[in-house]
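Order of listing sets the numbers, starting from 1, for every ligand and every atom in it. In this text the structure is predicted, and so the values were computed from the model without any measurement.
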Amino acid sequence: MALRLETEIQYIKGVGPKLGALFNRHGLKTVQNLLQNYPRAYEDRRAARNIANLKPDDVVSLKAFVVNVASYAMGRSTRKIYDVLIRDSSGQIRCKFFRTPYRGYFERFKPGQEVRIVGTVTNYRGRLEFHHPEIKDIEPEEDISDALIPIYVETEGLNSSKISKLIQFAQNEIKEWAPEVLPKELVTKLNFISYQEALSRIHHPEPDLGNLYNEFKSEAHRRLIFEEFFWLEMYLASKRSGLKQEKGFAFKNDEKAIEQLKTALPFKLTGAQLRAFAEIKKDLESGRPMNRLVQGDVGSGKTLVSFLSALKAIESEFQVCLMAPTEILAEQHFKNAEKLLSPLGIRCALLTGKTKLKDRKEIAEKLISGETDFLIGTHALIEDWVQFKNLGLVIIDEQHRFGVAQRGILKNKGTSPHFLIMTATPIPRTLAMTVYGDLDVSIIDEMPAGRTPIQTRVVTESKHEKAVQFMAEQVAKGRQAYIVYPLVEESEKIDLKNATEEFEKLKAQFPKIRFGLLHGKMKGSEKDEVMTQFRAHQIDALVSTTVIEVGVDVPNATVMVIEHAERFGLSQLHQLRGRVGRGEHKSFCVMIMGYAVSQETRERVEFMEKTNDGFKVAEFDLQIRGPGEFMGSKQSGLPGFKMANLVRDVELLKVARDAAFDILAHDPKLSKKEHAPLREEILKSYGPQALAGVG
Ligand code: ADP
Ligand code: MG
């Protein structure tokens, strides 16, 4: 049987079911998968060096002897660090592993054994180390002195040279092993090498371009990275062009109520709020359904922007619903709406899980008859019985808690209502366009005037007592405080215990302070009870796991103490910090790190002292932790990338986005002959619904 791209790897000569299964476990099933299994680095044999002359950030390959293999616990956790000490005639260096590549990996190495180390030199507290280098057996044919050798993700029984050989074999056997799919015109315009050339070079790199290859910047990399972005952007662009063709409501009115609300406010809207609302207004008047995401830092005043948008719809005699992720937030929005909108004659209703049956009946009737203008609630809104007379606008607060499916259900409660989604997880614009690719994005990047910035301090455990005393002082002045514990899924019990213990300890230490406890194991009604008391200032200090993260607004709270800050992502820390600094008094945030944190972690958390700007925090978080936080989430429904990196390759992302949108702008149905392969490729990767918009 002739080898083809679709052939399973196990049928390649000399592979067989056992090795085939090993490939399978790595997600490599077909020959095509194998060819698209890109090297994760390149070993530059000419760069071989002595341990003594290594410099930070060098990517090197060197021969050395194992001195010792040790393992020890990492801080107080059960995780282990593996530490392989190696030496050559010039000196010695440690290879550290924070997770084991596979079981039995370290048992391979014996003191005195000669090995090859391939990796990047890291400067750790002034000392040079390798972190997660490749440690390989010395191969017999190792005297090839000037080659750049691809290194693949390896496992037991599957090393890079074996993978290389199979790839080579497939490339020789198959005639058309890398068919070109991109339009020729595009390849020429962007100055790319052909797909075949790229795929060939990625596995057989030009030997004198080691650095370019290891930085993912070679021509082959550029072409392949572009391609990954391009397919995603084609998908997003076609989905979007479908949405744009739908018919929607055009709200054109004199905005009397909007003007009234603006005059009634005790403050002026910020420039950013006005800009965002202007963008929304344009959509609402356009006659096409709006799909807009408003991103704004915590406290930037998104609620008000959404209320203005609601008025725009209601003044055109349509109904609006606003969905919030928690009861606490839904109630908060409802109270605001009653305060700001009811005086204008807007009829608001609240629907949560707590709403009684009797009240539900009334809500249902008034929605159908059109006597309710603005329905605010939780998930309860998506229940079947909730039916509107004419739903014109759906507002969703804190998008990341809701999936795409829920958006779909709400959409079907009207005929193509407008959608406004608000999120306080600011992410850089380029990334936002990709993560929320079918949405337009507005950004509120300005805080209301007169806020005193929150003062943030990052300290270690040794300052714990001081932090608690500070909290007590603020409470004595009449302020309120949060003390937050992380909640990590696998150790939920321990964390709960921590929070509960701390709660008891604090109560004993400060008998005058009224403490409350809030954690995820409590029933919704219990949580609400505590939250209501806190808001009414019947509780002074709230000890809590992260359930308070989203949106809660208690302006009298001025202290946020975060325990084990190192366990949080920076964006999350920023969210938590945003719970204070909402009122007239100066606010403080103390982030306490455990004793056993690494230098890197410390530096990461300390970044929080440098800025109060959520976008800067997000950008930094993205740079160090990668986009997994945003992209990996299942709800985004987007594929992972094999090679592309949203931070490193953001320039190519833009190029790909422009190219994709340009193609669809000129050929919305992809009906031109030269676009047929594109069409096919999208169908193959995303299924027919991806092209629903394209027709
Ligand atoms: P978020 O964007 O985090 O949802 P909110 O909408 O809850 O923020 O607004 C936070 C607080 O700021 C609210 O108390 C709100 O009344 C107030 N606020 C909103 N806009 C302004 C403004 N332009 N000037 C002053 N205060 C404002
Ligand atoms: Mg909010």
J.: For Arg292 and Ser442, does a side-chain donor sit closer than 3.5 Å to a side-chain acceptor?
T.: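 A donor-acceptor contact under 3.5 Å links the two side chains.
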
J.: Where does Lys268 meet ligand 1, judged by heavy-atom distances below 4.0 Å: at the side chain, the backbone, both, or neither?
T.: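 It is the backbone that gets close, since no side chain atom is under 4.0 Å.
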
J.: Mark the output for Asp297 as yes if a heavy-atom distance to ligand 1 is under 4.0 Å, and as no if none is.
T.: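 Distance cut 4.0 Å: Asp297 passes for ligand 1.
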
J.: Checking side-chain contact (heavy atoms from CB on, under 4.5 Å) for the pair Leu375/Leu351: CA distance, chi angles, key distance, verdict?
T.: CA-CA 7 Å; Leu375 179 65; Leu351 171 64; 4.0 Å; yes

J.: Quick one: does ligand 1 sit under 4.0 Å from the side chain of Leu269, the backbone, both or neither, non-hydrogen atoms only?
T.: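 Backbone only.
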
J.: Can you sort out which atoms of ligand 1 are near Thr303, meaning under 4.0 Å from one of its heavy atoms?
T.: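 Answer, ordered by atom number: 4 (O), 5 (P), 6 (O), 7 (O).
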
J.: So if I apply the side-chain hydrogen bond (donor to acceptor under 3.5 Å, both in side chains) rule between Glu255 and each of Lys262, Lys312, Gln260, which one comes out positive?
T.: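 Answer to the side-chain hydrogen bond (donor to acceptor under 3.5 Å, both in side chains) test with Glu255 among Lys262, Lys312, Gln260: Lys312.
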
J.: At less than 4.0 angstrom from any non-hydrogen atom of Ser300, what atoms of ligand 1 do you find?
T.: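 Those atoms are 2 (O), 8 (O).
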
J.: Is the distance between the ring centroids of His519 and Tyr485 under 6.0 Å?
T.: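 Ring centroids of Tyr485 and His519 are no less than 6.0 Å from each other.
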
J.: Could you tell me whether Gly299 and ligand 1 have an N or O pair separated by under 3.5 Å?
T.: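 Such a contact does occur with ligand 1.
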
J.: Tell me if the centroids of the rings in Tyr482 and Phe534 come within less than 6.0 Å of each other.
T.: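 Yes, ring centres under 6.0 Å apart.
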
J.: Quick check: are there more than 12 heavy atoms from other residues, nucleotides or ligands sitting under 6.0 Å from NZ of Lys586?
T.: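 Yes, the 6.0 Å shell around NZ holds more than 12 heavy atoms from other groups.
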
J.: Under 4.0 Å from a heavy atom of Thr270: give me the atoms of ligand 1 that qualify, with their elements.
T.: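 Result: 23 (N).
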
J.: Between ligand 1 and Gly301, is the shortest N or O to N or O distance under 3.5 Å?
T.: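 Between Gly301 and ligand 1, an N or O pair is found under 3.5 Å apart.
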
